[in-house]
Amino acid sequence: PNAGRMSVCYDPAGAQVDVWEPRPMPGTDVDPMLPGAPSYFENLTSDVERATRFYAGLFAWAPEAAPTGAHRYTSFRLGPEIVAGMMAIEPNMGPLKPHWSTYFTVVDPDATARLAQRLGGTICVPPTEIPTVGRFAGIMSPGGVSFSVIRWERR
């Protein structure tokens with residue numbers, strides 16, 4: 001009961017975002033480069049402009065939009081650190097609802113994706129290289145929770 005306070009909220013596009021006020025329990029205070037640690041957070045949205053204004057206003061994040069091939073990617077900075085990213089849900093992604101996804105650092109995304117399948121998960125995005133970033137895969141747990149795994153090229 002005294003670990004902290006949490007609120008479950010939804011952004012203007014409908015993505016769930018939970019906020020945490022730490023007390024004795026700090027939350028995700030871990031080295032993000034350790035295998036198994038959460039290392040990045042990404043919002044997929046149906047309204048990039050509105051979501052950009054919302055998160056910049058709510059958390060004082062500084063948005064930086066950059067083209068990445070056929071689409072635009074927005075990074076959010078808090079001071080000098082990139083703390084999250086965002087991109088539009090595109091038609092080729094299928095019937096996705098706006099949502100946040102957590103990336104977990106792994107040593108081998110290909111092996112992790114195979115293991116996830118053996119454990120009953122579904123591969124939503126096969127292991128893929130992101131130039132200058134690393135290799136990642138999108139996974140859905142047997143319970144329907146989506147997340148990504150990534151081996152960072154450098155960070």
Side-chain angles (χ1 to χ4, degrees), residues 1-106 109 112 123-141 143-155:
N2 295 323
R5 292 183 62 179
M6 180 178 148
S7 181
V8 177
C9 308
Y10 294 87
D11 74 12
Q16 182 176 326
V17 56
D18 301 344
V19 293
W20 176 254
E21 177 188 10
R23 291 197 177 149
M25 189 170 112
T28 58
D29 191 13
V30 64
D31 179 350
M33 294 301 100
L34 291 174
S39 58
Y40 193 67
F41 308 94
E42 187 173 68
N43 180 242
L44 275 75
T45 185
S46 57
D47 191 338
V48 170
E49 286 74 26
R50 192 168 181 198
T52 298
R53 288 190 307 273
F54 177 78
Y55 290 109
L58 184 64
F59 297 127
W61 289 350
E64 295 177 359
T68 55
H71 62 272
R72 182 178 82 177
Y73 193 84
T74 300
S75 296
F76 289 108
R77 289 187 182 273
L78 184 59
E81 300 295 322
I82 294 177
V83 294
M86 180 178 60
M87 60 190 276
I89 296 171
E90 298 181 4
N92 66 332
M93 295 177 178
L96 289 179
K97 293 180 181 178
H99 68 279
W100 278 93
S101 183
T102 301
Y103 283 68
F104 295 91
T105 300
V106 296
T112 303
I123 304 307
C124 304
V125 179
T128 304
E129 286 293 325
I130 305 170
T132 73
V133 174
R135 187 166 178 83
F136 87 106
I139 299 170
M140 177 138 345
S141 76
V145 177
S146 65
F147 62 96
S148 296
V149 295
I150 190 162
R151 179 191 66 230
W152 297 100
E153 189 170 299
R154 62 176 180 243
R155 193 146 186 220

Quiz item: Among all residues two or more places apart in sequence or in another chain, which pass the salt bridge (Lys or Arg N to Asp or Glu O under 4.0 Å) test with E81?
Solution: none
Quiz item: Does any non-hydrogen side-chain atom of N43 lie less than 4.5 Å from one of D11?
Solution: yes
Quiz item: Got T45 and I89 here, is their nearest side-chain heavy-atom distance under 4.5 Å?
Solution: no
Report all side-chain donor-acceptor pairs from residues 92-103 shorter than 3.5 Å, counting only partners two or more places apart or in another chain.
{"from": "H99", "atom 1": "ND1", "to": "K97", "atom 2": "O", "distance (Å)": "2.8"}
{"from": "W100", "atom 1": "NE1", "to": "Y55", "atom 2": "OH", "distance (Å)": "2.9"}
{"from": "Y103", "atom 1": "OH", "to": "E42", "atom 2": "OE1", "distance (Å)": "2.7"}

Quiz item: Ignoring hydrogens and geometry, is there a side-chain-to-backbone donor-acceptor pair from Y40 to S148 under 3.5 Å?
Solution: no
Exercise. Determine the minimum heavy-atom distance between D18 and C9, stating which atoms define it.
Key: OD1-N, 4.2 Å
Quiz item: Does the side chain of I130 come within less than 4.5 Å of F136's, by heavy atoms?
Solution: yes
Quiz item: With sequence neighbours excluded, what pairs up with Y73 under the ring-ring contact (aromatic ring centres under 6.0 Å, His included) test?
Solution: none
Quiz prompt | Counterpart residues, side chain to side chain contact (heavy atoms under 4.5 Å, CB included), relative to A56 (two or more places apart) | solution = P63
Quiz item: Less than 4.5 Å apart, any side-chain heavy atom of V133 and any of W152?
Solution: yes
Practice problem: Evaluate side chain to side chain contact (heavy atoms under 4.5 Å, CB included) for I139 paired with I123, printing each intermediate quantity in order. | Solution: CA-CA 5 Å; I139 299 170; I123 304 307; 4.0 Å; yes
Quiz item: Ignoring hydrogens and geometry, is there a side-chain-to-backbone donor-acceptor pair from T105 to P32 under 3.5 Å?
Solution: yes
Quiz item: So do D47 and P12 actually touch side chain to side chain, heavy atoms under 4.5 Å?
Solution: no
Quiz item: Which residues pass the side chain to side chain contact (heavy atoms under 4.5 Å, CB included) test with R53, sequence neighbours left out?
Solution: E49, R50
Quiz prompt | Any pair counted as ring-ring contact (aromatic ring centres under 6.0 Å, His included), so long as it reaches residues 6-31, sequence neighbours left out | solution = none
